[in-house]
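What follows is a short report on a single structure.
Quick note: residue numbers are just sequence positions, from 1.
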Amino acid sequence: MAWEMLMYPLTATVAVVSSLVVLYFTSPSLLIQTAMKYYIFASGMRVKFVGDDRFMFCYGERGIRRKDKSSILLIHGFTASKDQWLSLFKSLPKDLHLLAVDLPGHGNTTTPKDDQDVSMSELIGLMHKFVCLSGLDEQPFHIVGTSLGGAIGGLYTAKYSSHVERLTMICPAMKTPIESEFSLSVKAAIDLGPDNIDVSHCLLLPETPEQTQKLLDTCLYHKQPINRQILKGLIALREDKNIFFLRLFKCLARQENVTLLVEKAQDITRPTQLVWGEHDELIDKSGAELLKKVLPNCERVDMIERCGHSVNMDRPGAIMKTILEFRGEYDRKNV
C-alpha cells in the first residue's frame, strides 16, 4: 500500500516533467506562456478586460481602491506588456491598489487598425479612455511609467493634471544630452524618413536569437546568456505583433516625438519623481538632469547603481523602495 501511495505522485511528477521537456524542444513559446501564467498567479495579479466591440483594454489588478492611499497605474515600455510589472505586484505592500495596463497593440489589448492613428497624442487619449473605463478617474492616482510608458505617463499628467496625484518616470523615452547607441539609431531612422524604416533600424525589434540576446544585454546591467530555445520562444511570442510594433516605431521616430516630453515638462505640475539606471545603455542617464531643470515640481531624482534600462528587472527591490519613499510610505519592517 505504501508503495502504491508513493507511485501516484511520482507518476504525476514524471508526466509533468516529460511534458515540460517536450514543450522545451517543440514549442518553447508555449513553455514561456505556461511559466508566465504561474508568475501572474503568484504575484496576485488578476487579469481583466474593459472596453467595447471597437476597442478592448487588457489590464492586471491587485487590491481595491482606498480613500487614504492613491492607486498606482503602471505603464510598461515599447513592445513589453503588463507582465513587466509582476515583480512590483508581488513585492509592493498588499494594501496598495495596483493596475497595470497593456498599451494599444501590446499584450492582450486591441491592436489599432492599419488606418488608425497611433501618434503620441492618440496614445494619451486612449490612456485617458482606459482611466475612465477602469474607474481610476474617481480620485487622483499615482502614475508609474517606464521608457515609452514613462513618456506617456508624463504627457498624460501634463494634459490631465487633475486626475493625477503624483508621477514617477523611470528612464522615460526622450532625446537626452548624451546620446546612446540606440538614440543614434533613432536619429538615423528619423533622417531616413518613415517610409524607409524597417526592423533592421530598431534594436527593439529583434528577429533572431542573437539579436534578442543583444537586446537583453543592452537593457540589463546584470547580463547573462539566455538559452537559445528560450530566445526562440521569445521571438515566436512577439512575431504576430511585429508589424504593429514597426508601425508604432515609425510614428514615434519623428523629431517632434523624441523632444515632446521635454517641451511639455513645464506643464507637469504634480509632484514628480525621476528614476534612472546608473548604467542605462538605451536612454542615457543625462536625461535626468535635463528633466530636473525643466520640471516645475521634481521632488526626487533616484539614480540606481548597478542597474540598466530595465530597472524593474535589474533591481526590483530598489525600485520598490524608491517608489514607496516618494509616496512617504516606506517602512522597512513592513516591506
Side-chain angles (χ1 to χ4, degrees), residues 29 32-63 71-90 92 97-114 116-137 141-156 168-170 172-173 204-205 219 234-249 251-252 310-313:
S29 61
I32 294 171
Q33 287 177 314
T34 301
M36 289 307 300
K37 287 180 180 179
Y38 169 76
Y39 290 131
I40 289 172
F41 172 79
S43 73
M45 177 189 285
R46 291 168 293 149
V47 178
K48 298 183 176 183
F49 293 85
V50 65
D52 52 37
D53 292 340
R54 292 173 297 175
F55 202 94
M56 187 69 67
F57 292 93
C58 180
Y59 67 103
E61 184 173 23
R62 195 204 72 183
S71 298
I72 300 179
L73 173 61
L74 298 145
I75 309 175
H76 64 77
F78 180 62
T79 78
S81 73
K82 61 185 176 300
D83 299 342
Q84 186 174 16
W85 301 108
L86 288 175
S87 62
L88 283 184
F89 265 70
K90 188 172 183 179
L92 282 170
H97 178 225
L98 309 178
L99 289 92
V101 62
D102 283 334
L103 289 172
H106 295 68
N108 292 309
T109 288
T110 299
T111 298
K113 296 179 180 179
D114 291 344
Q116 188 174 346
D117 182 18
V118 290
S119 64
M120 190 64 84
S121 61
E122 178 66 15
L123 294 179
I124 303 304
L126 286 171
M127 184 58 59
H128 187 57
K129 182 178 181 180
F130 170 75
V131 165
C132 296
L133 286 172
S134 65
L136 272 174
D137 59 333
F141 56 94
H142 179 182
I143 292 181
V144 177
T146 185
S147 199
L148 173 60
I152 289 174
L155 295 170
Y156 181 91
T168 298
M169 291 189 285
I170 306 170
L204 304 179
L205 299 176
C219 290
L234 293 173
I235 293 169
L237 287 174
R238 295 160 54 103
E239 193 171 17
D240 291 342
K241 295 183 177 294
N242 277 343
I243 293 176
F244 171 75
F245 289 156
L246 179 59
R247 178 158 68 99
L248 181 59
F249 176 72
C251 185
L252 296 176
S310 296
V311 176
N312 50 327
M313 291 181 64

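Residues in residues 72-85 take part in these side chain to side chain donor-acceptor pair (under 3.5 Å) pairs, two or more places apart or across chains: Thr79-Arg238, Lys82-Asp102. The salt bridge (Lys or Arg N to Asp or Glu O under 4.0 Å) pairs that include a residue from residues 38-48 are Lys48-Glu61, where partners are two or more places apart or lie in different chains.
Under the 4.5 Å side-chain criterion, counting only non-hydrogen atoms from C-beta, Leu205 is in contact with Asn242. Thr111 places none of its side-chain heavy atoms less than 4.5 Å from the side chain of Pro104. Within the 4.5 Å cutoff, the side chain of Leu99 has no heavy atoms near those of the Ile72 side chain. The closest side-chain heavy-atom distance from Met169 to Ile143 is not below 4.5 Å. Two residues are said to be in side-chain contact when any heavy atoms from C-beta on lie closer than 4.5 Å; Leu252 and Met120 meet this criterion. Using a 4.5 Å heavy-atom cutoff, the side chains of Phe89 and Leu74 are in contact. Inter-residue side-chain proximity for Glu122 and Ile124 is flagged as unmet; no heavy-atom pair is nearer than 4.5 Å. With contacts defined as side-chain heavy-atom distances shorter than 4.5 Å, the pair Val144/Ile170 qualifies.
In this structure, Phe57 has its ring center under 6.0 Å from that of Phe55. Ring pair Phe245/His106: centre-to-centre distance below 6.0 Å.
Here the OG-CG distance, from Ser121 to Leu155, works out to 10.0 Å after rounding to the nearest 0.5 Å. To the nearest 0.5 Å, atoms OG (Ser43) and CG (Leu86) are separated by 4.5 Å.
In this view, Asp240 satisfies the salt bridge (Lys or Arg N to Asp or Glu O under 4.0 Å) rule with no residue, not counting sequence neighbours.
Note on ring orientation: taking the six-membered ring where Trp is involved, the planes of Phe130 and Tyr59 are perpendicular (angle over 60°, cut-offs 30° and 60°).
Nearest heavy atoms, Leu133 versus Gly51: CD1-CA, 4.0 Å. Scanning both residues, Met127 and Ile152, for their nearest heavy atoms gives CE-CG2, 4.4 Å. Minimum interatomic distance between Ala151 and Ala173 (heavy atoms only, all atoms of both residues): CB-O, 3.6 Å. Summarising the geometry of Pro112 relative to Phe244, their closest heavy-atom pair is CD-CE1, 3.6 Å, with the distance given to 0.1 Å. The two residues Ser119 and Cys251 make their nearest non-hydrogen contact at CA-SG, 3.4 Å.
The local environment of CZ in Phe49 is crowded, with over 12 non-hydrogen atoms from other residues, nucleotides or ligands closer than 6.0 Å. More than 12 heavy atoms of other residues, nucleotides or ligands sit less than 6.0 Å from atom NZ of Lys241.
Without hydrogens or angle criteria, Ser71 side chain to Leu98 main chain gives no donor-acceptor distance under 3.5 Å. A distance-only check finds a donor-acceptor pair linking the side chain of Thr109 to the backbone of Cys58 [under 3.5 Å].
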